[in-house]
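Numbered from 1 within each chain, the chains take letters A, B, ... in sequence-line order.
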Number of protein chains: 2
Amino acid sequence: MLKDRPVTLEEVARHAGVSLGTASNVLHGKRALHSNRTANKVLESANLLGYRSNHLARSLASKRTQIIGFVTERHQTMLTRNRYVIHVLDGILDYLVPLDYHIKLISLLNDEPQHVWSQIDNGTLDGAIVVAPVIGSPLLQWRERSSLPVVVVGSALPKEIPLSWVDVDNESAMFQLVDWLIAQGHRNIGFVQGPPQQWSALQRENGYRRALSHYQIALQPRWIAPGDYDTGSGVEAGKQLLAQNPDLTAIVAANDQMAAGVLEACRALGKRVPEDISVTGFDDMDLARHTTPPLTTIRHTIHDNAMKATERLVAQIQSDEKPALVQELVPGELVIRDSVSQARQAVPVSR
Amino acid sequence: MLKDRPVTLEEVARHAGVSLGTASNVLHGKRALHSNRTANKVLESANLLGYRSNHLARSLASKRTQIIGFVTERHQTMLTRNRYVIHVLDGILDYLVPLDYHIKLISLLNDEPQHVWSQIDNGTLDGAIVVAPVIGSPLLQWRERSSLPVVVVGSALPKEIPLSWVDVDNESAMFQLVDWLIAQGHRNIGFVQGPPQQWSALQRENGYRRALSHYQIALQPRWIAPGDYDTGSGVEAGKQLLAQNPDLTAIVAANDQMAAGVLEACRALGKRVPEDISVTGFDDMDLARHTTPPLTTIRHTIHDNAMKATERLVAQIQSDEKPALVQELVPGELVIRDSVSQARQAVPVSR
DNA sequence: CTGAAAGCGCTTACAG
DNA sequence: CTGAAAGCGCTTACAG
């Protein structure tokens with residue numbers, strides 16, 4: 001109604017002939033405290049004047065902002081590049097929006113603690129979700145720096161770090177996938193690494209290594225190529241592996257996007273998948289279903305994990321009790337599609 | 001340092017032996033007002049005590065929150081489903097983060113004006129970006145409901161609606177694409193519509209219709225199938241069009257995701273693309289490059305448009321002048337890939 | 001059931 | 001160059 005200066009609670013109170021406190025009570029939850037007559041007067045006045053409460057003032061006075069920070073480090077600021085982050089965000093929103101919590105996006109520009117904590121610990125947040133903090137991230141010192149509730153998603157941190165998190169069991173899932181590849185007759189299996197600063201990348205590589213060693217397959221250093229979870233690096237890695245290792249019958253990529261890149265490399269080099277070489281991914285993003293051929297991969301419930309993490313966070317915020325640590329490893333599931341064949345040279349190669 | 005009660009400016013001021021106002025000035029921009037000696041005392045105290053300013057309080061007092069709302073309607077809440085929205089978000093962040101503005105995500109749950117405006121006009125925002133509001137959206141009454149600066153991106157609104165926006169020139173771009181198809185010899189061209197409540201969908205359809213009529217090709221109603229911009233609807237539409245129209249040599253989808261769906265439908269029905277039928281998309285999302293075959297489509301600069309819109313918004317926020325309307329149509333660009341062939345039956349079909 | 005008052009943690013004229 | 005004071009728009013005990 002009025003456009004320039006918003007109507008304040010005080011004006012509503014005055015118009016309704018009640019005190020500020022009463023108007024506040026009626027308008028926000030404690031309506032039961034007051035008589036119907038009073039409540040109605042207030043409600044009517046508010047309506048008439050087009051009152052809309054100022055959240056800033058409410059937050060300052062009540063020490064609740066209803067805002068959760070969605071914290072990402074520089075590594076994943078390009079949302080369009082990082083499907084994973086989007087899935088997480090979606091899970092969080094699905095949980096939070098109906099509860100009338102809001103998300104504030106915090107993209108950290110750099111690692112300076114100064115910068116980091118001024119973005120986070122400035123009174124605007126009730127809590128935060130940190131997405132896949134890297135090894136050595138200043139965010140891992142959260143507990144020493146801030147008393148704000150926080151849950152990590154997408155990084156399974158070492159137990160010593162006193163933060164709650166939920167993530168897929170990367171290592172076991174990758175072990176399972178490679179184990180299955182070996183069961184298909186593959187022995188000479190290449191690996192495209194994720195970024196070395198990501199816990200998940202290391203854990204996936206560990207799963208791969210453990211599976212080979214479990215079957216006493218001697219891992220050749222040249223079977224491993226570096227990557228960064230991006231498609232482009234998958235192309236590079238694929239070309240490198242294919243060029244240097246004519247003996248490979250399969251390439252395991254640390255995530256789907258790189259696997260798609262490997263597929264591209266195969267196409268470029270005239271290798272048929274899966275006839276000439278098998279390729280696998282990890283994450284089961286949409287794209288895994290749409291590559292040619294569709295990717296065998298590990299499915300995990302990113303969206304649900306994010307919801308779960310958010311649930312924990314909200315519980316932590318709402319009960320001001322001790323913030324019990326919750327560190328949860330969720331199992332992944334092998335999804336078999338068309339990018340893997342029985343290894344034809346299995347026997348000759350395996351000795 | 002202290003964990004539970006954050007250090008306040010007052011404590012810093014007292015520790016430094018200066019007034020509240022002085023401490024505030026030194027710590028936030030107006031350092032030049034004070035002597036070096038004073039400034040240093042304040043800075044040291046702040047450092048020593050681990051002071052971190054409370055943004056809420058600053059915002060309330062200064063009437064600046066440094067927060068921009070990113071407003072989406074129910075239709076696009078599933079971020080994972082809507083690549084477009086992600087690109088927009090990315091463009092906004094790229095512009096805003098270095099300026100120390102933040103994004104608050106506002107996913108509208110429903111259309112009730114009550115709900116809508118209480119989410120938006122509650123003092124927490126300096127301005128807002130609205131993503132692709134639909135026809136009939138309550139958001140279109142923004143100017144009557146709120147004095148908050150706002151820019152729309154992804155919907156080219158009718159001129160009568162007093163809102164600033166920037167979007168691709170959907171109609172011209174689609175005209176251009178269909179014009180080109182016709183130049184390749186195609187005459188019987190199907191169309192997969194976008195959601196009828198999206199301005200962009202209508203505009204794209206208009207472009208298609210105008211191109212056909214420009215060449216005096218009689219559009220058959222059965223050439224048009226409904227869709228909703230999602231891949232699934234593209235599959236359905238593709239199947240329907242293919243089943244009902246053996247005479248079609250090309251199918252134009254209103255966006256890439258549906259075009260991917262049409263491709264899937266073709267595969268399912270044993271139609272080769274582009275040999276048996278040509279298919280085109282719109283938007284040139286990543287996926288357009290990765291389908292088999294890669295899609296001929298319209299490229300437009302979603303990311304840059306979003307940055308541009310954000311720039312306008314910030315300008316509007318920072319100069320409290322008259323909010324001059326800016327309505328900008330950005331041209332699209334035809335990107336030719338492998339999903340279109342010369343129409344072999346061009347001549348017989350065209351009469 | 002209701003009102004008066006203190007307080008949330010800052011910024012911003014205003015004097016001097 | 002600096003301090004005292006008012007004010008931003010609410011919530012929350014506390015009396016009564």
Side-chain angles (χ1 to χ4, degrees), chain A residues 2 4-43 45-46 49-67 118 121-126 320, chain B residues 2 4-43 45-46 49-67 118 121-126 320:
Chain A
L2 295 176
D4 274 15
R5 214 180 36 71
V7 179
T8 67
L9 228 207
E10 197 190 347
E11 299 176 89
V12 173
R14 196 181 316 140
H15 185 277
V18 302
S19 75
L20 231 194
T22 299
S24 172
N25 283 338
V26 171
L27 255 15
H28 296 115
K30 320 214 164 171
R31 186 172 313 178
L33 274 180
H34 297 272
S35 71
N36 269 334
R37 191 145 167 291
T38 311
N40 286 336
K41 276 193 300 182
V42 174
L43 259 9
S45 298
L49 300 179
Y51 173 67
R52 216 161 287 139
S53 72
N54 183 317
H55 265 237
L56 237 39
R58 294 190 61 188
S59 300
L60 185 60
S62 70
K63 311 203 153 289
R64 289 269 170 147
T65 65
Q66 297 286 117
I67 300 184
S118 78
D121 212 358
N122 57 23
T124 60
L125 265 29
D126 278 351
D320 21 31
Chain B
L2 295 176
D4 273 14
R5 214 179 37 71
V7 179
T8 67
L9 229 207
E10 197 189 348
E11 299 175 88
V12 172
R14 196 181 316 141
H15 185 276
V18 303
S19 74
L20 231 192
T22 299
S24 172
N25 284 338
V26 171
L27 255 15
H28 295 115
K30 319 215 164 170
R31 186 173 313 179
L33 274 179
H34 297 272
S35 72
N36 270 334
R37 193 148 163 290
T38 310
N40 285 336
K41 277 193 301 182
V42 173
L43 259 9
S45 299
L49 301 179
Y51 173 67
R52 216 162 285 139
S53 72
N54 183 317
H55 265 237
L56 237 39
R58 294 190 61 186
S59 301
L60 184 60
S62 69
K63 311 203 153 288
R64 288 271 170 143
T65 66
Q66 296 287 117
I67 300 185
S118 78
D121 213 358
N122 58 23
T124 60
L125 265 29
D126 278 352
D320 21 31

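A:Gln66 has its side chain out of reach of A:His55: every pair of non-hydrogen atoms, C-beta onward, lies at least 4.5 Å apart. Within the 4.5 Å cutoff, the side chain of B:Leu27 has heavy atoms near those of the B:Leu43 side chain.
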What dot-bracket string describes DNA chain D from 5' to 3', counting Watson-Crick and G-U wobble pairs whose defining distances are under 3.5 Å, with [ ] for crossing pairs and | for pairs to another strand?
-> |||.||||||||.|||
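Bracketed by its first and final contacts, the part of DNA chain D lying under 4.0 Å from non-hydrogen atoms of chain B reaches from D:dC1 to D:dG9 in 5' to 3' order.
Position along DNA chain D of the nearest nucleotide to B:Leu20 versus B:Ala61 favours B:Leu20 as the more 5'-ward residue. Both B:Asn54 and B:Thr22 lie near DNA chain C, and the one whose nearest nucleotide falls closer to the 5' end is B:Asn54.
The CG atom of B:Leu49 lies 5.0 Å from the NE2 atom of B:His15; values are rounded to the nearest 0.5 Å.
A heavy atom lying under 4.0 Å from DNA chain C marks none of the residues of residues 34-43 of chain B.
Considering every non-hydrogen atom in both B:Glu11 and B:Val7, the closest pair reads OE2-CA, 3.5 Å. Nearest heavy-atom pair, B:Thr38 versus B:Ser35, reported as atom, atom and distance to 0.1 Å: OG1-OG, 2.7 Å. Closest heavy-atom contact between A:Tyr51 and A:Thr8: CE1-C, 3.6 Å. Considering all non-hydrogen atoms of both residues, B:Asp126 and B:Lys63 come closest at OD1-O, 4.4 Å. Between B:Ser53 and B:Arg58 the shortest heavy-atom distance is OG-CD, 3.7 Å.
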List the steps, then state whether side chain to side chain contact (heavy atoms under 4.5 Å, CB included) holds for B:Leu20 with B:Leu9.
-> CA-CA 7 Å; B:Leu20 231 192; B:Leu9 229 207; 3.6 Å; yes
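Screening B:Ile67, B:Leu56, B:Leu125 for a side chain to side chain contact (heavy atoms under 4.5 Å, CB included) involving A:Leu56 leaves a single residue, B:Leu56.
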